[in-house]
Novice: 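Please find one structure pasted underneath; my questions will follow.
Since the model is a prediction, treat every value here as computed from it, not as a measurement.
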Amino acid sequence: MQPEARLGAAMPPPLLSLRDVRLTFGGTPLLEGAELEIFPGDRLCLVGRNGSGKSTLLKIAAGQVDFDDGKRTVQSGIRIRYLAQEPDLADFDTVLDFAAAGLGERETHKAREALMALGLTGEEATGRLSGGEIKRAALAQALAAEPDLLLLDEPTN
């Protein structure tokens, strides 16, 4: 939904909200007063220089990084998945093992379906994947969880 379409209409609550988020690493502020709201149907792009805190902000939004001050609010029942710039498959033998991680035994078929849709069988050894295959495996893992909010960190890498 375009911001203009929201004007005058009752807005739904945001799926996720960050207010006045602050984070300092070693005395140097990385984020000062960062704010973010994500509403149903939003497709957003975060742009900034290398080292400006984009990945850190996404990890805070995903609940993977603690921050010094501010507030993170997530709508009740929302499933959030974060796709890292450099996914780590080292602890898994096959792509299916990785894609199904965190899913219940009865939900493994969702991982297999997502992998197949992205051109992978699931039988591939994780140690032999190309960079593109690693990214597709990570995307399959995120999609198999059927998230309400998907945060992609540098999805074109």
Side-chain angles (χ1 to χ4, degrees), residues 1-25 30-48 52-92 94-122 126 133-157:
M1 180 183 318
Q2 297 298 322
E4 300 83 25
R6 291 189 189 138
L7 296 176
M11 289 182 26
L15 299 174
L16 176 125
S17 174
L18 300 177
R19 296 274 186 233
D20 199 25
V21 171
R22 298 172 189 282
L23 180 65
T24 302
F25 284 127
L30 179 61
L31 298 172
E32 293 184 278
E35 306 231 344
L36 175 67
E37 283 190 326
I38 302 175
F39 291 88
D42 278 354
R43 292 181 182 181
L44 307 172
C45 176
L46 187 58
V47 179
S52 64
K54 300 180 303 292
S55 293
T56 302
L57 184 66
L58 289 175
K59 289 176 186 176
I60 289 170
Q64 295 182 356
V65 169
D66 292 329
F67 46 95
D68 299 330
D69 198 16
K71 185 173 182 180
R72 175 182 179 266
T73 306
V74 179
Q75 196 179 108
S76 179
I78 295 297
R79 290 176 308 239
I80 299 174
R81 289 296 177 265
Y82 169 77
L83 179 61
Q85 282 185 42
E86 297 179 24
D88 183 7
L89 284 66
D91 293 337
F92 302 92
T94 69
V95 171
L96 181 59
D97 293 339
F98 172 75
L103 297 176
E105 202 172 301
R106 293 182 181 178
E107 296 178 308
T108 301
H109 71 281
K110 293 178 184 177
R112 188 176 302 279
E113 289 171 4
L115 287 167
M116 291 177 65
L118 294 167
L120 297 167
T121 66
T126 56
E133 289 170 327
I134 290 170
K135 203 65 159 182
R136 286 187 281 148
L139 183 58
Q141 182 190 53
L143 293 173
E146 298 178 337
D148 301 295
L149 178 57
L150 180 58
L151 303 171
L152 305 173
D153 195 345
E154 302 227 8
T156 57
N157 274 357

Novice: Does Val21 reach the side chain of Arg72, with side-chain heavy atoms less than 4.5 Å apart?
Specialist: no
Novice: Nearest 0.5 angstrom please: Ile80 CD1 to Leu15 CG, how far?
Specialist: 8.0 Å
Novice: Minimum heavy-atom separation for Glu37 to Pro14, with atom names?
Specialist: OE2-CG, 4.1 Å
Novice: Ignoring hydrogens and angles, tell me if any N or O in the side chain of Asp68 forms a donor-acceptor pair with the backbone of Thr24 under 3.5 Å.
Specialist: yes
Novice: Do you know the tightest heavy-atom contact between Ala142 and Pro147?
Specialist: O-CD, 3.2 Å
Novice: Looking at Leu150 and Leu139, what are the two nearest heavy atoms and their distance?
Specialist: CD2-CD1, 4.2 Å
Novice: Within the distance-only criterion (no hydrogens, no angle test), does the side chain of Glu35 pair as donor or acceptor with the backbone N or O of Asp20 below 3.5 angstrom?
Specialist: yes
Novice: If you look at every heavy atom in Ala145 and Arg79, which pair is closest and at what distance?
Specialist: O-NE, 3.7 Å
Novice: Which heavy-atom pair separates Ala99 from Ala144 by the least distance, and what is that distance?
Specialist: O-CB, 4.4 Å
Novice: Counting only heavy atoms not in Arg112 (residues, nucleotides, ligands), do more than 12 fall under 6.0 Å from its CZ?
Specialist: no
Novice: If we ignore hydrogens and angles and just use 3.5 Å, is the side chain of Lys54 paired with the main-chain N or O of Gly48 as donor and acceptor?
Specialist: yes
Novice: Rounded to the nearest 0.5 Å, what separates atom CD in Gln75 from atom CD1 in Ile38?
Specialist: 12.0 Å
Novice: Under 6.0 Å from the CD atom of Glu107, do we count more than 12 heavy atoms belonging to anything else shown?
Specialist: yes
Novice: Say you draw a straight line from CG of Leu152 to CG of Leu46; how long is it, rounded to the nearest 0.5 Å?
Specialist: 12.0 Å
Novice: Mark yes or no for whether Ser17, through its side chain, and Thr73, through its backbone, hold a donor-acceptor pair below 3.5 Å.
Specialist: no
Novice: Are Ile78 and Leu16 packed together at the side-chain level, in the sense that at least one heavy-atom pair is separated by less than 4.5 angstrom?
Specialist: no
Novice: Can any side-chain N or O of Arg22 pair as donor or acceptor with the backbone N or O of Phe67 at less than 3.5 Å?
Specialist: no
Novice: Within the structure provided, determine whether Leu18 and Leu57 are in side-chain contact (heavy-atom separation under 4.5 Å).
Specialist: yes
Novice: Mind checking the CZ-CG spacing from Phe25 to Leu31? Nearest 0.5 Å is all I need.
Specialist: 8.0 Å
Novice: Measuring from atom CZ of Phe39 to atom CE of Met11, what distance do you get when rounded to the nearest 0.5 angstrom?
Specialist: 3.5 Å
Novice: Under 4.5 Å between any side-chain heavy atoms of Asp153 and Leu151, yes or no?
Specialist: no
Novice: Once you round to the nearest 0.5 Å, how far does NZ of Lys135 lie from CG of Leu83?
Specialist: 5.0 Å
Novice: For Gly122 and Leu115, work out which heavy atoms get closest and say how close.
Specialist: CA-CD1, 3.7 Å
